[in-house]
S.K.: 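To start, I am sharing the structure in question, which I have written as structure tokens.
Quick caveat: nothing in here was measured; it's all calculated off a predicted structure. Numbered from 1 within each chain, the chains take letters A, B, ... in sequence-line order.
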Amino acid sequence: MDYNFKQTEKKWQEIWDREGTFVAGTDYSKPKFYALVEFPYPSGQGLHVGHPRSYTALDIVSRKKRLQGFNVLYPMGWDAFGLPTENFAIKNHIHPSVVTEKNVARFKEQLKSLGFSFDWTKEINTTDPEYYRWTQWIFLQLFREGLAYKKEMAVNWCPSCKCVLANEEAAGGVCERCGSEVVRKVKSQWMLKITDYAEKLLNGLEDVNFIERVKTQQRNWIGRSTGAQVKFQTTAGDVLEVYTTRPDTLFGATYMVMAPEHALIEKWADRLTNLEAIRAYQTAASKKSDFERTEVVKEKTGVRLEGVLAVNPVTGKEIPIFISDYVLASYGTGAIMAVPAHDERDYDFAKVFGLPIIEVVKGGDVTREAFVDCATGIMTNSGFLDGLSVEEAKKKITEWLSEKGIGEKKVNYKLRDWVFSRQRYWGEPIPIVHCPKCGAVPLPESELPLVLPEVDSYEPTETGESPLAKMTDWVNTTCPVCGAPAQRETDTMPQWAGSSWYFLRYIDPKNSDALASREAMEYWLPVDWYNGGMEHTTLHLLYSRFWHKFLYDIDAVTSPEPYAKRTSHGMILGENGEKMSKSRGNVVNPDDIVNEYGADTMRLYEMFIGDFEKAAPWNSASIKGCKRFLDRVWALMDTVTEGAVRGCVESAVHKTIRKVTEDIEGLKMNTAIAALMALLNEISATASVTKEELKIFITLLNPFAPHMTEEMWVLLGFEGQLNQTAWPVYDEKKCVDATVEIAIQICGKVRAKMNISPEAPQDEVLSAAKANEAIAAHLAGKSIVKEIYVKGKLVNIVAK
RNA sequence: GCCGUUGUGGCGGAACUGGCAGACGCAAGGGACUUAAAAUCCCUCGGCAGCAAUGCUGUACGGGUUCGAUUCCCGUCAACGGCACCA
């Protein structure tokens, strides 16, 4: 009897749906397991074969955990706000919500066809007002606590999307979405003070089980550095403050540099004798995008501030001040002390302007290049620091500065505040009213959700304002505080907003009083295992940790970190090894694979394709191997006999239970499947299978191929559903074979093999080895220097 | 430039904590069944030499430690990912 995957898969998917098989339980006395995968953006293209890689892996983990007695929550939803939908709506004059609804339906059908054990009763959609009501609520809390503020600032502006982009979305100077060149534009923007949480976000990494490269990337992104903030007196009377990580080199500071935007320049305007040249430089710098400004290759430029000098606080010498775009206004104090002898950039600049280069750490040759990597060097030309190590000098000078009141220890971060405004339609409206008298006033929580109004056109205005600005009926309102005529904020939130807390809503998606009930959060939080792409490490993952930590601080959630464990999957590439894309013509549609081979084969193949964390090219031919395997498992039913596990396969069965159990936990699905294939080969070699053996086999296989194994369960005459039974348990003692084949080496080279009991004493094994014919021949005429026996593995005889 | 990851057959990939390299699968070749094909089943499958037993060689490259190294150490090269004038 051949296996009809189409009929069987449909049958079980309907049963699971109808019976609510995978609905998370409400019995909070049971141990819980919360598995999470990144919810998709329901694009018009439909599901990508990359989605199921992650979803299948945690589906396997979830199914196994259920069999092991855990109360499992494995939810799914839609991250549905976003530009592609809006752009599609603009082009085709269809409301984004209609487009979203259609795309969601398609995605849902595709996900169901793959047999994932999602709890669909927890389904959420970020564009649902009942959902974004709480996204807005979180914003109001951030506003109340002073973590949301509006700021005039130069922002990354995409001229094509007519939209402000976060630094993260403008990487490399191009728009992440459309690829256009990003320019700078000054706009008033809502900002979130993620920098206030830099230290907490960094420290929190110590307590979570994230794969190391995720932690490293987050640490680099936060970019903590320690140094000193130092005050330099100037001849203008004002203090020019700088941040440095190398206070030890203070004696070598021969000039200073300020960012072109530095506020003191305006203050000093009267004194500056070359103001015109300075203005010209400022203008030129302001026109450049962040990307142009940070191009490393170019030669250093700048203008000296004629008329004002600074005083080096340790040498007492007057030193010149420059402005240059190699100093960033947004980091530290926006000004630096330049130590050309020990900093490459300062060195380059000093060379261009012919400035003195004074060596203060011995060991390099500062006439040729900057001596930067000088941690082991000894101080010189540095007065009271001379002869100290760099480390000692840092400590001493910092103490000295602090005693004199001209400097103090300081920590800085590369992390910037989060630009939270978008001038688009398809996002959460920001619940703020601008009152001429009261300023920015938060909407009362009782008025949430602030629903997106219907508009005629979704296109942003030419001035870059949100399409909502054109909706005067909606925009014009009254101030919630004083009742005077006021206007609504027309910017919307970025797509990251809805995804920053969605895992909280899954816990209790219908709750109308809170994000989720306290009781449910106490039980389910934190997420036990979160899998997603590496591309979200510094954006989504950091943002959501920030929101969660904030919510924890205001006592709105019950755990300090949202995710206990984070793993990451590699991309699935096209057959040619390149990234899958329409333009490359190498896209594989999951629907086609499910149609031709079935969901179980598709799931199995995606797990067998290779190391889960690494990128893997798709290979149509290899899928057949997985199909063959399933067909052979199905065919076992032809030779099944009543009975327990036979002695001839007992250790193989127990070893496989151990291997599959451990490998699923370690996300090594490829070797778990290989172990099942190997066990099948071993059982097949005996030309029959007992019912108990097959029962264990299909239980182990169930998380991978749930449809076929459920069907076999019924056909074998077992009661109920396989997914509601118990995961097999192995016996460590039964994992041991009576005899094992060991290698006998002479000087590290295998010369013979023999079978022994793994429990045989060393003496016995060694003499048996030496008695071996081939070994004896090799040893003839030589004297034995050393004999090594590795239990159950090998014997090595060293002879001369 | 800095940080991180990786380098194993024709291909995807295995190998615990230093212990028989190439598990498992794909592709390929040979055979069985078939009028034929598909499917299925059996055999071979890193390289060189040999009918074979077997020997030598082999985990990017060059060294080192060790009885023994894909694994540890030093150096070199290459690829991928992240950051990139962050003082």
S.K.: Report yes if a side-chain nitrogen or oxygen of A:Arg628 is closer than 4.0 Å to either non-bridging phosphate oxygen (OP1 or OP2) of B:rC26; otherwise report no.
M.R.: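 A:Arg628 to B:rC26 OP1/OP2: side-chain N or O found under 4.0 Å.
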S.K.: With a 4.0 Å cutoff (strictly under), does any side-chain N or O of A:Asn681 reach OP1 or OP2 of B:rA23?
M.R.: no
S.K.: Does A:Tyr326 put a side-chain nitrogen or oxygen below 4.0 Å from OP1 or OP2 of B:rA87?
M.R.: no
S.K.: Look at A:Glu662 together with A:Lys668 and state whether they make a salt bridge at an N to O cut-off of under 4.0 Å.
M.R.: no
S.K.: Given B:rG82, is OP1 or OP2 found less than 4.0 Å from the side-chain N or O atoms of A:Thr538?
M.R.: no
S.K.: Using atom C1' in both nucleotides, what's the gap between B:rU17 and B:rC51 to the nearest angstrom?
M.R.: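 Nearest-Å result for B:rU17 against B:rC51 at atom C1': 44 Å.
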S.K.: Whether the side chain of A:Lys753 and the base of B:rC20 hold a donor-acceptor pair under 3.5 Å is what I'd like checked.
M.R.: yes
S.K.: Quiz question: going by heavy-atom distance under 3.5 Å, is there a donor-acceptor pair between the base of B:rC85 and the side chain of A:Lys300?
M.R.: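 Side chain to base: pair found, below 3.5 Å.
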S.K.: Between A:Thr216 and A:Thr333, name the one whose nearest nucleotide on RNA chain B is closer to the 5' end.
M.R.: A:Thr216
S.K.: So A:Glu741, base contact, sugar-phosphate only, or nothing? Heavy-atom distance under 4.0 Å.
M.R.: base
S.K.: Does a nitrogen or oxygen in the side chain of A:Asn670 sit under 4.0 Å from OP1 or OP2 of B:rA14?
M.R.: yes
S.K.: Could you check, using the six-membered ring where one of them is a Trp, whether A:Tyr605 and A:Tyr597 have ring centers closer than 6.0 angstrom?
M.R.: no
S.K.: If I pick the C1' atom on B:rG46 and the same atom on B:rA27, what distance separates them, to the nearest angstrom?
M.R.: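 So the two C1' atoms sit 15 Å from each other.
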S.K.: Do A:Arg224 and A:Glu199 touch side chain to side chain, with heavy atoms closer than 4.5 Å?
M.R.: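 Result yes, sub-4.5 Å side-chain heavy-atom pair found.
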S.K.: Measure OH/A:Tyr789 against P/B:rC20 and give the value in whole Å, please.
M.R.: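 Distance, rounded to whole Å: 14 Å.
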S.K.: Would one find a side-chain N or O of A:Arg213 under 4.0 angstrom from OP1 or OP2 of B:rG81?
M.R.: no
S.K.: Answer whether the closest heavy-atom distance between the side chains of A:Asp600 and A:Phe5 falls below 4.5 Å.
M.R.: no
S.K.: Taking only Lys NZ, Arg NE, NH1 and NH2, and the carboxylate oxygens of Asp or Glu, determine whether A:Lys351 and A:Glu369 approach each other closer than 4.0 Å.
M.R.: no
S.K.: Would you measure the distance from the P atom in B:rG82 across to the matching atom in B:rG62 and give it in whole Å?
M.R.: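 The answer is 32 Å between these two P atoms.
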S.K.: Kindly state whether the ring of A:Phe349 and the ring of A:Phe322 have centres lying under 6.0 angstrom apart.
M.R.: yes
S.K.: Take atom P in B:rA28 and the same atom in B:rC67, then report the distance between them in whole Å.
M.R.: 47 Å
S.K.: When the P atoms of B:rC16 and B:rU70 are compared, how many Å lie between them, rounded to an integer?
M.R.: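 The same atom, P, in both gives a distance of 13 Å.
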S.K.: So, is B:rG9 syn or anti if syn means the angle is within 90° of 0?
M.R.: syn
S.K.: Give none if B:rG29 has no partner; otherwise give the nucleotide forming a Watson-Crick or G-U wobble pair with it, both distances under 3.5 Å.
M.R.: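 B:rG29 is paired with B:rC43.
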S.K.: For B:rU5, does OP1 or OP2 lie under 4.0 Å from any side-chain N or O of A:Lys215?
M.R.: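 No, outside the criterion.
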S.K.: Can you tell me the pairing partner of B:rU54 across any strand shown, Watson-Crick or G-U wobble, with both distances under 3.5 angstrom?
M.R.: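 Result: B:rA49.
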S.K.: Determine the interatomic distance between C1' on B:rA87 and the same-named atom on B:rA69; round to the nearest Å.
M.R.: 44 Å
S.K.: Taking only the side-chain nitrogens and oxygens of A:Arg751, find out if one of them lies under 4.0 Å from OP1 or OP2 of B:rC56.
M.R.: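 For B:rC56, OP1/OP2 do have a side-chain N/O of A:Arg751 under 4.0 Å.
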S.K.: Take atom P in B:rC33 and the same atom in B:rG19, then report the distance between them in whole Å.
M.R.: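 Taking atom P in both B:rC33 and B:rG19, they lie 47 Å apart.
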S.K.: Taking atom C1' in both B:rA49 and B:rG7, what distance in whole Å separates the two?
M.R.: 30 Å
S.K.: RNA chain B: A:His778 or A:Gln217, which has the more 5' nearest nucleotide?
M.R.: A:His778
S.K.: Examine B:rC67: is either OP1 or OP2 under 4.0 Å from a nitrogen or oxygen in the side chain of A:Lys786? Give yes or no.
M.R.: yes
